[in-house]
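Right, one structure below, let's go through it.
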Amino acid sequence: QVMLAESGGRLVQAGDSLRLSCAASGRTFSIYAMGWFRQAPGKEREFVAAIGWGVGSTRYAESVKGRFAISRGNVQKTVTLQMNSLKPEDTAVYYCAAGPTVAVTAGGYNYWGQGTQVTISS
């Protein structure tokens with residue numbers, strides 16, 4: 001069982017940077033792949049980034065590649081999403097998720113946080 005709690009979302013301007021964090025509880029955090037998804041109003045939840053449990057293999061959505069970076073700390077039980085060069089279209093609720101393997105679909109994750117709102121003004 002893993003419980004997840006996101007933090008760090010807020011209102012920033014286009015071009016700014018923002019760092020989201022996800023704190024996990026549970027003894028087996030290190031064996032889970034971790035992902036970030038986002039959902040904008042009226043749109044479906046979409047994959048943003050994911051990181052594996054071992055040597056930290058990562059995957060990114062094309063829309064964020066080169067701007068966002070995912071990392072994890074297994075001792076601290078945290079996963080971080082560093083977001084640079086933010087655009088208004090990055091505005092969404094961002095969710096942290098845990099699952100057995102790195103996946104790019106929401107169905108690949110078993111545990112979800114409550115989300116944190118990120119708003120980018122133009």
### Query
Do V102 and I51 have side chains that get closer than 4.5 Å, going by heavy atoms?
no

### Query
Side chain of T91, backbone of I120: donor and acceptor closer than 3.5 Å?
yes

### L86 to S17 - nearest heavy-atom pair and separation
CD1-C, 4.0 Å

## Note on the structure
Between A106 and F37 the two heavy atoms that sit nearest each other are N-CE2, 3.5 Å

#### Entry: Chi angles and distances behind the side chain to side chain contact (heavy atoms under 4.5 Å, CB included) call for R38, K43
CA-CA 10 Å; R38 66 187 182 187; K43 296 186 177 181; over 6 Å; no

### Task
With rounding to the nearest 0.5 Å, note down the distance linking OG in S63 to CG in D90.
7.0 Å

### Task
Quick one: sort the F68 and Y94 rings into parallel, tilted or perpendicular, breaks at 30° and 60°.
tilted

### Task
Report the residues that fulfil side-chain contact (heavy atoms from CB on, under 4.5 Å) with A103, sequence neighbours left out, ordered by chain and then residue number.
Y109

### Query
Would you say V48 and V93 are hydrophobically clustered, going by side-chain heavy atoms of ILVMFWY under 4.5 Å?
no

### Task
Please confirm whether the backbone N or O of G52 pairs with a side-chain atom of Y32, one donor and one acceptor, at under 3.5 Å?
no

### Task
Apply side-chain contact (heavy atoms from CB on, under 4.5 Å) to Q76 and list each qualifying residue two or more places apart in sequence or on a separate chain.
T78

### Task
List the atom of A33, the atom of R72, and the distance in Å for their closest heavy-atom pair.
CA-NH1, 4.0 Å

### Message
Could you measure the distance from the OG atom of S121 to the CG atom of D16? Nearest 0.5 Å is fine.
### Response
7.5 Å

### Query
Are T119 and Q117 linked by a side-chain donor-acceptor pair shorter than 3.5 Å?
yes

### Query
In Å, rounded to the nearest 0.5 Å, how long is the span from CD of Q82 to OG of S71?
8.5 Å

Using a 3.5 Å cut-off and no angle test, enumerate the donor-acceptor pairs between side-chain atoms of residues 4-14 and protein atoms at least two apart in sequence or in another chain.
unit_1	atom_1	unit_2	atom_2	d
E6	OE1	Q114	N	3.1
E6	OE1	G115	N	2.8
E6	OE2	C96	N	2.8
E6	OE2	G115	N	3.2

### Pairwise distance NZ(K77) to CE(M3) - rounded to 0.5 angstrom
12.5 Å

### Task
Answer yes or no: does atom CZ of R59 have more than 12 heavy-atom neighbours from other residues, nucleotides or ligands under 6.0 Å?
no

#### Entry: ILVMFWY cluster, V64 and F47 together (side-chain gap under 4.5 Å)
no

#### Entry: Over-ring placement of R45 relative to Y95, 6.0 Å and 45° cut-offs
yes

### Message
I'd like to know whether L20 forms a side chain to side chain contact (heavy atoms under 4.5 Å, CB included) with T80, so could you lay out the CA-CA distance, the side-chain angles of the two residues, the decisive distance to 0.1 Å, and finally the verdict.
### Response
CA-CA 6 Å; L20 303 183; T80 300; over 6 Å; no

### Query
Nearest 0.5 Å, what's the CD1-CH2 distance between I70 and W36?
8.0 Å

